[in-house]
Undergrad: 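Take a look at this one; I'll ask things after.
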Amino acid sequence: MTKQKKSSTKILEEERIIVTSALPYINGVKHLGNLIGSLLPADVYTRYLKLIGKDVIYICGTDDHGTPAEISALEAKKPVDKYCNEMYEVQKEIYDKFGLNFDYFGKTSHKDNHKVTQEIFLALHKNGYISEKTSEQLYSVDEDRYLPDRYVIGTCPKCDYDQARGDQCEACTSLLSPIELKSPKSITNENSKIEIKKVKHFYINLPKLQNKIEEWVESHTEWPNTTLSIARKWLKEGLRERAITRNLKWGIDVPLEGYDDLVFYVWFDAPNGYISMTKTWAETIKKDKSLFDKYWKSDSTKLIQFMGIDNVPFHTVTWPGSLIGSDLGYIAASSVKSFQWLTYEKGKFSTSQNRGIFTDTALELFPADYWRYYLLLIAPERQDTDFLWDGFQNVVNNDLNNLLGNLLNRCITFTHRHNNGIIPKVKAIGDKEKELYIALDECLVEYQATFNDIEFQKPVRALRKFWQASNKYFQEKQPWKAIIDNPDDALDTIGTTAHALRSIAILFAPIAPFTSEKIYEALGYKSKSVHRTNISQVVNWNVLGGREIPEFKSNLFSKIKDKEIKKLKERFGSVESKQVKKKEKKDKKKEAKKIKKQEKDGYIQYDDFAKIKLITAKILNVEEHPKADKLLVLTLDDGKRKDRTVCAGIKEFYNPDELKGRTVIIVDNLKPRKLRGIMSEGMVLACDIDEKSIALLQPDKKTDAGLEVH
RNA sequence: AGCACCGUAGAGUAGCGGUUAACUCGUUGGGCUCAUAACCCAAAGAUCGGCAGGUUCGAAUCCGCCCGGUGCUACCA
């Protein structure tokens with residue numbers, strides 16, 4: 001059977017494309033893991049689609065609802081809506097600086113999301129996919145709040161651990177319901193009185209939708225393996241009804257009479273943000289209401305969603321479930337691109353432990369493109385990847401600065417020095433030029449093929465390969481020599497290199513937009529125009545001749561010094577600090593555990609046995625040990641020597657004469673040791689019959705000395 | 001505990017059924033000197049976590065078991 005090639009290329013035949021990235025939660029500044037886990041790749045991909053001339057919009061925004069937002073607002077002593085507005089501005093500004101080029105960056109607390117969410121709920125209700133159940137919920141009287149499971153601690157009914165959380169006891173790992181806890185308390189106010197109240201909640205009937213969801217999932221076998229296997233896992237286990245409302249004040253109201261104290265659960269309203277934000281975009285930015293339906297309710301639109309792996313079930317099962325069940329004509333995702341985790345110096349990024357780098361700090365340290373390039377180069381597409389300061393330094397210094405930055409510098413400097421700042425027109429195309437053209441063609445093929453498959457590491461690598469080819473070209477043409485004895489050829493080299501840089505700028509724009517602008521500017525273009533250039537322009541090798549270029553201002557990049565990296569490691573923590581020690585300890589423990597286990601179950605590994613080398617040996621001579629009662633001194637032929645001495649504790653059982661000439665088994669690689677003054681080089685094997693007799697092990701056929709025993 | 005994903009040269013990553021396992025850095029040797037001590041060439045270095053396991057003509061690649069790492073387990077988002 002031929003394996004079906006997984007490709008998203010067919011998506012690109014569609015008229016319109018919506019790209020979304022997981023909505024960052026409003027609560028605080030995101031770290032680099034969040035950035036590479038969805039926001040950045042979505043941006044790069046959208047920019048790529050625009051480069052190849054697609055009609056595409058990139059929609060994202062903050063996810064505002066939920067208890068953590070309420071609590072953060074409380075801590076900041078601000079009303080929730082005000083808090084969210086402020087944090088929205090903070091996040092938005094950071095993303096702008098990172099060059100994330102959203103067509104619209106909205107928020108789930110916007111009135112349009114209320115409308116869209118309520119509309120979807122009512123449709124689900126009408127279509128019979130909503131049910132109502134009563135459940136018991138803990139209520140914190142002093143705080144005037146119902147408590148989500150994880151905001152409750154108390155004593156575990158099973159193991160009496162007094163810090164058990166409402167959903168699970170960490171001590172005995174049993175799954176709990178908050179009502180089971182003895183003496184439950186609110187995490188945010190331990191003194192508050194707790195009551196149990198009966199509350200009604202709405203549930204979405206996912207079991208009823210299971211078949212339709214399954215059918216939809218199975219029509220997308222082109223999804224990445226991880227995405228597909230997660231979706232299938234949920235379906236295989238069978239979907240359950242899922243509560244879609246919460247007893248909170250901050251959220252979207254349930255549009256039915258008599259449910260004033262209920263709002264929709266964030267997981268129900270947040271994904272609808274993709275839809276509602278597009279609505280806002282169409283109506284307020286584009287001032288064209290028809291655009292909304294054109295994008296969201298058209299078979300010729302494809303929806304491509306980016307997210308971290310933790311978000312996959314909600315984008316492949318639950319949210320599509322509500323869209324399918326509501327039957328309002330909204331399209332479901334064509335492609336769900338998920339990312340594994342980015343780790344920080346071998347450990348986890350952690351907000352609470354302040355471990356890792358946050359997006360705001362990152363921008364204070366280095367320009368956005370440094371981060372964009374490095375993160376995309378190590379994008380956790382198939383497996384977790386590790387952010388390492390050494391790696392970051394290495395990539396910035398070598399890839400960006402040495403390969404690309406210096407190439408531009410060579411070319412520009414040469415142009416100013418030898419051609420008055422005018423890019424020479426290329427007159428003759430020789431073999432070396434043709435080689436470079438081919439290198440660009442190869443780069444283009446790989447770049448487009450991999451981008452079309454929504455990959456990131458690969459197009460970046462394809463481009464880097466072309467930087468190398470360009471340097472190689474320049475190096476081999478030796479214009480610094482040619483300028484003396486063959487000036488025309490030298491100028492052709494410079495002209496050709498300038499064109500290569502122009503191609504690089506265009507292709508680099510989705511990945512590192514700010515850098516591309518700088519290169520374009522250095523070549524005498526208006527910087528921003530690089531973003532309006534179509535990919536078909538890339539292979540045009542004859543457009544720069546005669547163009548005047550500006551004075552060279554500054555290098556594209558600057559190197560990061562070892563000292564600097566050392567400081568950063570100290571400031572942010574790195575493997576070389578605590579982590580290593582911790583890990584060493586952990587490894588030792590594990591090793592000890594392993595050995596214990598072996599001892600306990602009485603087995604050794606094969607490897608352990610393999611360490612012992614047994615061979616046959618022929619007894620040539622036997623004498624009594626002069627200083628020992630029980631030892632005989634054997635002289636053996638071990639196949640290599642005929643004077644090997646081995647002491648054996650068998651004097652009580654054998655006469656020296658009856659042993660001579662026998663072939664026995666000895667341990668060959670036992671460390672030699674003196675026994676009562678005589679060096680014994682090995683050990684003869686025998687088994688105990690009883691206390692008074694033993695039997696020497698011997699081969700059952702006549703054998704040579706020195707044969708290995710297995 | 002269950003499930004999912006992962007385990008490839010010193011480091012970070014590709015490859016995921018087929019000739020010499022690829023790339024970047026690092027290491028060693030050489031070339032060049034226009035350029036930011038940058039650039040170019042070459043070499044060494046991996047029996048692809050383990051199996052005295054299975055499928056196959058053939059496995060890093062598929063299946064099974066074991067070991068190790070990480071994550072998820074539906075009311076944190």
Side-chain angles (χ1 to χ4, degrees), chain A residues 3 22-27 63 65-69 71 135 137 146-152 165-168 173-175 177-178 201 206 225-226 229-230 232-234 236-237 239-243 246-247 265-267 270 308-314 317-318 340-341 343 346 348 377-388 390-391 393-395 397-399 401-403 405-414 417-418 457-458 461 464-465 468 470-483 490 493-494 555-559 587 590 594 605-607 609-610 710:
Chain A
K3 197 176 171 184
L23 307 179
Y25 197 62
I26 190 69
N27 182 10
D63 176 6
H65 296 131
T67 312
I71 287 170
S135 63
Q137 188 105 29
Y146 285 89
L147 297 172
D149 293 3
R150 295 196 186 185
Y151 284 79
V152 183
R165 288 189 319 191
D167 54 343
Q168 187 176 25
T173 71
S174 49
L175 296 172
S177 149
H201 277 291
L206 290 172
N225 288 333
T226 329
S229 72
I230 291 172
R232 280 177 174 159
K233 188 200 147 205
W234 272 55
K236 195 178 156 195
E237 287 177 3
L239 300 180
R240 296 177 228 162
E241 288 198 273
R242 192 177 156 89
R246 290 291 181 277
N247 299 100
Y265 177 38
V266 275
W267 270 117
I309 194 168
D310 54 330
N311 259 318
V312 170
F314 303 98
V317 178
T318 55
Q340 310 291 117
W341 303 111
T343 53
K346 312 278 184 191
K348 269 197 268 184
L377 192 69
I378 63 164
E381 296 178 286
R382 277 155 266 269
Q383 57 179 313
D384 292 356
T385 59
D386 205 13
F387 176 94
L388 290 172
D390 289 336
Q393 180 194 22
N394 167 33
V395 160
N397 290 358
N398 282 293
D399 287 12
N401 190 73
N402 293 352
L403 277 178
N406 191 41
L407 178 69
L408 180 72
N409 193 39
R410 290 171 109 176
C411 182
I412 298 294
T413 313
F414 214 101
R417 191 167 301 166
H418 297 289
Q457 287 192 10
K458 286 175 188 169
R461 280 158 208 272
R464 179 175 64 188
K465 204 171 176 187
Q468 287 172 326
S470 302
N471 270 307
K472 180 181 172 146
Y473 165 78
F474 196 99
Q475 191 68 27
E476 290 179 349
K477 288 287 303 258
Q478 302 188 316
W480 57 90
K481 280 185 184 167
I483 196 71
T493 303
I494 298 307
N555 294 326
L556 272 187
F557 309 99
S558 48
K559 284 196 173 193
D587 286 350
K590 267 178 198 156
K594 203 175 163 187
Q605 298 296 313
Y606 175 78
D607 288 350
F609 169 69
H710 293 283

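Computed from a prediction, not measured in an experiment: that's the story for all the values here. The sequence lines fix the lettering, A, B, ..., with proteins before strands; numbering per chain opens at 1.
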Undergrad: Please report, rounded to the nearest Å, how far the C1' atom of B:C40 is from the NZ atom of A:Lys477.
TA: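 My rounded result for the distance is 16 Å.
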
Undergrad: Write down the atom of A:Trp341, the atom of A:Pro380, and the distance for their closest heavy-atom approach.
TA: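 Answer, listing the atom of A:Trp341 first, then A:Pro380: O-CB, 3.6 Å.
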
Undergrad: Report yes if at least one side-chain N or O of A:Asn409 is closer than 4.0 Å to OP1 or OP2 of B:A38; otherwise report no.
TA: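 The answer is no; no side-chain N or O of A:Asn409 sits under 4.0 Å from OP1 or OP2.
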
Undergrad: In this structure, how many angstroms lie between the C1' atom of B:C39 and the CZ atom of A:Arg464, rounded?
TA: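 Roughly 16 Å, once rounded to whole Å.
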
Undergrad: Hey, is the side chain of A:Asp63 pairing donor to acceptor with the base of B:A77 inside 3.5 Å?
TA: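 Check fails, no donor-acceptor contact within cut-off.
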
Undergrad: Can you classify the ring geometry of A:Trp234 versus A:Phe314 as parallel (below 30°), tilted (30 to 60°) or perpendicular (above 60°)?
TA: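 A:Trp234 vs A:Phe314 ring planes: perpendicular.
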
Undergrad: Distance check needed: B:C23 P versus A:Lys458 NZ, whole Å only.
TA: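 Distance check: A:Lys458 NZ to B:C23 P gives 15 Å.
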
Undergrad: Would you measure the distance from the P atom in B:U61 across to the matching atom in B:G7 and give it in whole Å?
TA: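 It works out to 11 Å between them.
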
Undergrad: In whole angstroms, how far is the P atom of B:U36 from the CG atom of A:Asn406?
TA: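 In whole Å, B:U36 P and A:Asn406 CG are 7 Å from each other.
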
Undergrad: Say we look at B:A21 and B:G29: how far apart would their P atoms be, to the nearest angstrom?
TA: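 Rounded to whole Å, the distance is 27 Å.
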
Undergrad: Does the side chain of A:Arg417 get closer than 4.0 angstrom to OP1 or OP2 of B:A35 through an N or O atom?
TA: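 Checking A:Arg417 against B:A35: at least one side-chain N or O falls below 4.0 Å of OP1 or OP2.
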
Undergrad: For A:Arg461 and A:Ser558, find the nucleotide of RNA chain B closest to each by heavy atoms; which residue's nucleotide sits nearer the 5' end?
TA: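 The answer here is A:Arg461.
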
Undergrad: Do you know which of A:Asn397, A:Asn398, A:Asp390 makes side-chain hydrogen bond (donor to acceptor under 3.5 Å, both in side chains) with A:Asn394?
TA: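 Output: one option passes, namely A:Asn398.
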
Undergrad: So what does A:Gly405 touch, heavy atoms closer than 4.0 Å: a base, only the sugar-phosphate, or nothing?
TA: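 Touches a base.
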
Undergrad: Counting only side-chain heavy atoms from C-beta out, which of B:C25, B:A74, B:A77 sits nearest to A:Asn394?
TA: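 Among the listed nucleotides, the one closest to the side chain of A:Asn394 is B:C25.
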
Undergrad: Just to confirm, is there a sub-4.0 Å distance from OP1 or OP2 of B:C5 to any side-chain nitrogen or oxygen of A:Gln340?
TA: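 So the side-chain polar atoms of A:Gln340 never come under 4.0 Å of the phosphate oxygens OP1 or OP2 of B:C5.
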
Undergrad: Would you say that A:Thr318 contacts A:Arg242 through its side chain, given a criterion of any heavy-atom pair below 4.5 Å between the two side chains?
TA: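 The answer is yes, as the side chains (C-beta and beyond) meet within the 4.5 Å cut-off.
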
Undergrad: Roughly how far, to the nearest 0.5 Å, is the OG1 atom of A:Thr67 from the CG atom of A:Asn247?
TA: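 Interatomic distance, A:Asn247 CG to A:Thr67 OG1, rounded to 0.5 Å: 10.0 Å.
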
Undergrad: State, yes or no, whether a side-chain contact exists between A:Thr493 and A:Gln478 at a heavy-atom distance under 4.5 Å.
TA: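 No, every pair of side-chain atoms sits at 4.5 Å or beyond.
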
Undergrad: I'd like the C1' distance from B:C39 over to B:U33, given in whole Å.
TA: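 About 9 Å, rounded to a whole number of Å.
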
Undergrad: Considering non-hydrogen atoms only, spot the tightest contact between A:Ala490 and A:Pro479 and give its length.
TA: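 Here A:Ala490 and A:Pro479 meet closest at CB-O, 3.6 Å.
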
Undergrad: With sugar-phosphate meaning primed atoms plus P, OP1 and OP2, does A:Lys465 contact a base, only sugar-phosphate, or nothing at under 4.0 Å between heavy atoms?
TA: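 No contact.
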
Undergrad: Using heavy atoms to find the nearest nucleotide of RNA chain B for A:Gln478 and A:Leu407 separately, return the residue whose nucleotide is more 5′.
TA: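 Mapping each residue to its closest nucleotide by heavy atoms, the 5'-most match is A:Gln478.
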
Undergrad: For B:A59, give the paired nucleotide (Watson-Crick: N1-N3 plus N6-O4 or O6-N4; G-U: N1-O2 and O6-N3; both under 3.5 Å), or none.
TA: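 Because no pair has both required distances under 3.5 Å, B:A59 counts as unpaired.
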
Undergrad: B:G2 and B:U8: how far apart are their P atoms, nearest whole angstrom?
TA: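 My reading of the P atoms in B:G2 and B:U8 gives 25 Å.
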
Undergrad: Mind checking the C1' distance from B:U20 to B:C48? Whole angstroms is fine.
TA: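 That atom pair is separated by 16 Å.
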
Undergrad: Scan A:Thr343 against the nucleic acid and name what it touches under 4.0 Å (heavy atoms): base, sugar-phosphate only, or nothing.
TA: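 No contact.
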
Undergrad: Return the nearest nucleotide to the side chain of A:Leu388; candidates are B:C32, B:G12, B:C39.
TA: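 Nearest nucleotide to the side chain: B:G12.
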
Undergrad: Would you mind reading off the distance between A:Asp390 atom CG and B:A11 atom C1', rounded to a whole angstrom?
TA: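 Taking CG of A:Asp390 and C1' of B:A11, I get 9 Å after rounding.
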
Undergrad: Closest approach to the side chain of A:Gln475, judged atom by atom: which nucleotide of B:U13, B:A77, B:C34 is it?
TA: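 Of all the options, the side chain of A:Gln475 is nearest to B:C34.
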
Undergrad: Between B:C32, B:G15, B:C75, which one does the side chain of A:Arg382 approach most closely?
TA: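 Given the options B:C32, B:G15, B:C75, the side chain of A:Arg382 is closest to B:G15.
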
Undergrad: So do A:Gln340 and A:Thr385 actually touch side chain to side chain, heavy atoms under 4.5 Å?
TA: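 The answer is no, as the side chains (C-beta and beyond) never meet within the 4.5 Å cut-off.
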
Undergrad: Does A:Arg242 have a side-chain nitrogen or oxygen under 4.0 Å from the phosphate oxygens OP1 or OP2 of B:C75?
TA: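 Checking A:Arg242 against B:C75: at least one side-chain N or O falls below 4.0 Å of OP1 or OP2.
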
Undergrad: Determine which nucleotide pairs with B:U73, using a 3.5 Å limit on both distances of a Watson-Crick or G-U wobble pair.
TA: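 Pairing partner: B:A1.
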
Undergrad: B:A38 phosphate, OP1 or OP2: any side-chain N/O from A:Lys559 under 4.0 angstrom?
TA: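 Answer is yes, contact under 4.0 Å.
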
Undergrad: So, OP1 or OP2 of B:C34: does either fall under 4.0 Å of a side-chain N or O from A:Lys481?
TA: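 No, no such contact exists.
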
Undergrad: Round to the nearest Å and state the distance from A:Glu476 atom CD to B:G31 atom P.
TA: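 Spelled out: CD on A:Glu476 to P on B:G31 is 17 Å.
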
Undergrad: Of the nucleotides B:A11, B:A35, B:G71, which has the atom closest to the A:Trp341 side chain?
TA: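 My answer, after comparing the listed nucleotides, is B:G71.
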
Undergrad: So what does A:Pro68 touch, heavy atoms closer than 4.0 Å: a base, only the sugar-phosphate, or nothing?
TA: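 The answer is sugar-phosphate, as A:Pro68 gets under 4.0 Å only of primed atoms, P, OP1 or OP2.
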
Undergrad: Whole angstrom is fine here: how far is it from CD in A:Glu381 over to C1' in B:G15?
TA: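 After rounding, the gap between these two atoms is 14 Å.
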
Undergrad: Strictly by Watson-Crick or wobble contacts shorter than 3.5 Å, is anything paired with B:C39, and which nucleotide is it?
TA: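 Its partner is B:G31.
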
Undergrad: Base, sugar-phosphate alone, or nothing: which one does A:Asn398 contact when heavy atoms must sit under 4.0 Å apart?
TA: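 A:Asn398: backbone/sugar contact only, no base atoms under 4.0 Å.
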
Undergrad: Sticking with atom P, work out how far B:C25 lies from B:A42, rounded to a whole angstrom.
TA: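 Each nucleotide's P atom is 14 Å from the other's.
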
Undergrad: Rounded to whole angstrom, note down the C1' distance from B:G58 over to B:A44.
TA: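 Their C1' atoms lie roughly 30 Å apart.
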
Undergrad: Side-chain N or O of A:Tyr265 less than 4.0 angstrom from OP1 or OP2 on B:A77?
TA: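 So the side-chain polar atoms of A:Tyr265 do come within 4.0 Å of the phosphate oxygens OP1 or OP2 of B:A77, strictly under.
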
Undergrad: B:C40, B:A77, B:A35: which one has an atom nearest the side-chain heavy atoms of A:Lys472?
TA: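 Selected nucleotide (nearest to the side chain): B:C40.
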
Undergrad: I want to verify a distance call: between B:U36, B:A77, B:A74, whose nearest atom is closest to the A:Asn401 side chain?
TA: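 Nearest to the side chain of A:Asn401 among the choices is B:U36.
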
Undergrad: Assign A:Asp384 to base, sugar-phosphate, or nothing according to its heavy-atom contacts below 4.0 angstrom with the strands shown.
TA: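 If one applies the 4.0 Å heavy-atom cut-off, A:Asp384 turns out to touch the sugar-phosphate alone, with no base involved.
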
Undergrad: Provide the distance between the two P atoms, one in B:G15 and one in B:A35, to the nearest whole Å.
TA: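 Comparing P positions in B:G15 and B:A35 gives a spacing of 40 Å.
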
Undergrad: With a 3.5 angstrom cut-off on both distances, give the Watson-Crick or G-U wobble partner of B:A9, or none if there isn't one.
TA: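 The answer is none; no pair meets the criterion.
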
Undergrad: Side chains of A:Arg410 and A:Gln475 only: does a donor on one sit below 3.5 Å from an acceptor on the other?
TA: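 On atom types as modelled, these side chains qualify, holding a pair under 3.5 Å.
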
Undergrad: Looking across every strand, which nucleic acid part, if any, lies under 4.0 Å from A:Thr318 by heavy atom: base, sugar-phosphate, or nothing?
TA: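 It contacts nothing in the nucleic acid.
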
Undergrad: For the side chain of A:Asp399, starting at C-beta, report the closest nucleotide among B:U36, B:U24, B:A74.
TA: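 The nucleotide sitting nearest to the side chain is B:U24.
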
Undergrad: Rounding to an integer number of Å, can you tell me how far A:Asp386 CG sits from B:U70 C1'?
TA: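 Interatomic distance, CG of A:Asp386 to C1' of B:U70: 12 Å.
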
Undergrad: Is it the case that the base of B:A77 and the side chain of A:Trp267 share a donor-acceptor contact (distance under 3.5 Å, atom types as modelled)?
TA: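 Donor-acceptor pair under 3.5 Å: yes.
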
